[in-house]
Amino acid sequence: MVGRYDRRNGVVEFASAGFPPALLHDGMAFREIGADGPAARHPCRCGLHRAASRSWHARAVFFSDGATDARDAQRETLGAEGLRNTIARHAVLAPEARLRALIVDLKRLDLVDDTTLLLLQEPRGSTMQMLLDMKFPARAEEMRHVRARLRAALDAQEIGPELRDRLVLAVDEACTNIIRHAYADCPAGDITLRLTRERDMLGFELRDEAPCVDPTRIKPRDLSECRAGGLGVALIDQTMDTWRIEPLPGGRGNALFMHKAVVERGERMSGTRMCRRGLRSDRGKGGAALPRPFARKRRQDAPSCESERSEDIG
Amino acid sequence: MPRLASPSGARTLDKSTNACVSETLGDYVLVRLSGEVDLSWSQQVRKAILAALAGSNKVGVELSAVSYIDSSGIAALVEGFQNARSKNQQFGLVAASKAVMAVLQLARLDRVFPIFPDIDAARAG
């Protein structure tokens, strides 16, 4: 594949041989580009400026067929639709984080061929605001103060009280999981909490200094089960648009990234609507199951409490 | 530190103060909570609820003065509910605050617990 991107007019020109069509994503829908003809003779042109909307910068995703051929445990391929769902699921993230999240998702599947991903997105300038940056001892007694600081920071952004309280709960649950589980077998260290906003996107980042956890073991529990423990991750999953855990390099420390799209008070959460469009199906065209915890959040009926008593609290 | 259970607890609880007070009303025990129920003292709430169930077949947890509850607090309520069911005891939540109801709904537990608007309704079962 060979191509060029002109920053002045936002036009991408490229030619490829044997690659699947690239995908132009405007935040709401996908359009295939480069699907026609012998590529070397007819280089494809597409304009990122024209595809951009007020809130979303269009982005083009180029990929080799190794991405769509990735297979799940049942040997079913991810397929074109599965890849689109995966891309849409992370659409709210910043480019670097989005590409990293895509790679993480693909690596959870079986990659049977060389796999290349290229993401092209116009720079939007640095508009990220740091709303809160605090470090505190990983102790339950600290959380009341942390919640108060977070509540105040969200109030300053005019986040409505209902969503504000859910966000505070989600962050609190993440912190208490770090306190109870990450630091369980070692002396408690600190937790760093950062709250950022970039346009309509709130970003929550929590870092600890505990031994690295296995991210694949952190899953939201099924809320149709009525039991005393394991509710925290499910509450995070219910509230946030996206979240993921990354072990930090060096074998110590973990970072949790959570994102939530918001708009001004009184308006609907447009980012959430967009994000869930990508979550419409948790199985790709080829039937490939999307890796949890990114799988679609299904509406569940009220849980039955016939299960046995649990001693597990939290 | 939260104020903890006593048989003749204060009638009025302050939303800003963590407290857990048990009151005996005839054959009914009411565990009254206030403040922010979180990991720092939810184990004490759990013990108070289980102690109430050990002493009475009819227990309610009054939540009107709870301004915040996390999953560890919800877990204490779930454990009390399951404990009561296993022994055929009566257990319910009384006058749950808006903050508590929001978390119960988020956890899809609002249709699991018996929730009563006031103590009279709770005692009537």
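Within every chain, numbering begins at 1; the chains are lettered A, B, ... in the order of the sequence lines, protein sequences first and strands thereafter.
One N or O on the side chain of B:Gln82 and one on the backbone of A:Cys226 form a donor-acceptor pair closer than 3.5 Å. Between the side chain of A:Glu173 and the main chain of B:Ser71, a donor-acceptor pair closer than 3.5 Å is present.
A 6.0 Å sphere centred on CG of A:Asp185 holds no more than 12 heavy atoms belonging to other residues, nucleotides or ligands.
Under 3.5 Å, the side chains of A:Asp165 and B:Tyr68 contain no donor-acceptor pair of N or O atoms.
A:Arg166 touches chain B through its side chain: at least one heavy atom from C-beta onward sits under 4.5 Å away, while N, CA, C and O do not. For B:Asp70, the parts sitting under 4.5 Å from any heavy atom of chain A are the backbone and the side chain alike. Looking at B:Leu77, neither its backbone nor its side chain comes within 4.5 Å of chain A, counting heavy atoms on both sides.
The candidate with the highest count of non-hydrogen atom pairs below 4.5 Å against chain B, out of A:Glu141, A:Arg144, A:Met143, is A:Arg144. Your options are A:Asp172, A:Ile179, A:Val168, A:Thr176, and the one with the most heavy-atom pairs under 4.5 Å with chain B is A:Asp172.
For the atom pair CD1 of B:Ile74 and CG of A:Leu169, the computed distance is 8.5 Å after rounding to the nearest 0.5 Å. Note that CD of A:Glu142 and OG of B:Ser40 are 10.5 Å apart. Values are rounded to the nearest 0.5 Å.
Between A:Leu223 and B:Leu106 the shortest side-chain heavy-atom distance does not fall below 4.5 Å. Side-chain contact between A:Arg227 and B:Glu79 is absent, with no heavy atoms from C-beta onward closer than 4.5 Å.
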What verdict does the side-chain contact (heavy atoms from CB on, under 4.5 Å) test give for A:Glu162 and B:Lys98, after you've listed the backbone C-alpha separation in whole Å, the side-chain angles of each residue and the deciding distance to 0.1 Å? CA-CA 10 Å; A:Glu162 189 177 325; B:Lys98 196 174 169 184; over 6 Å; no
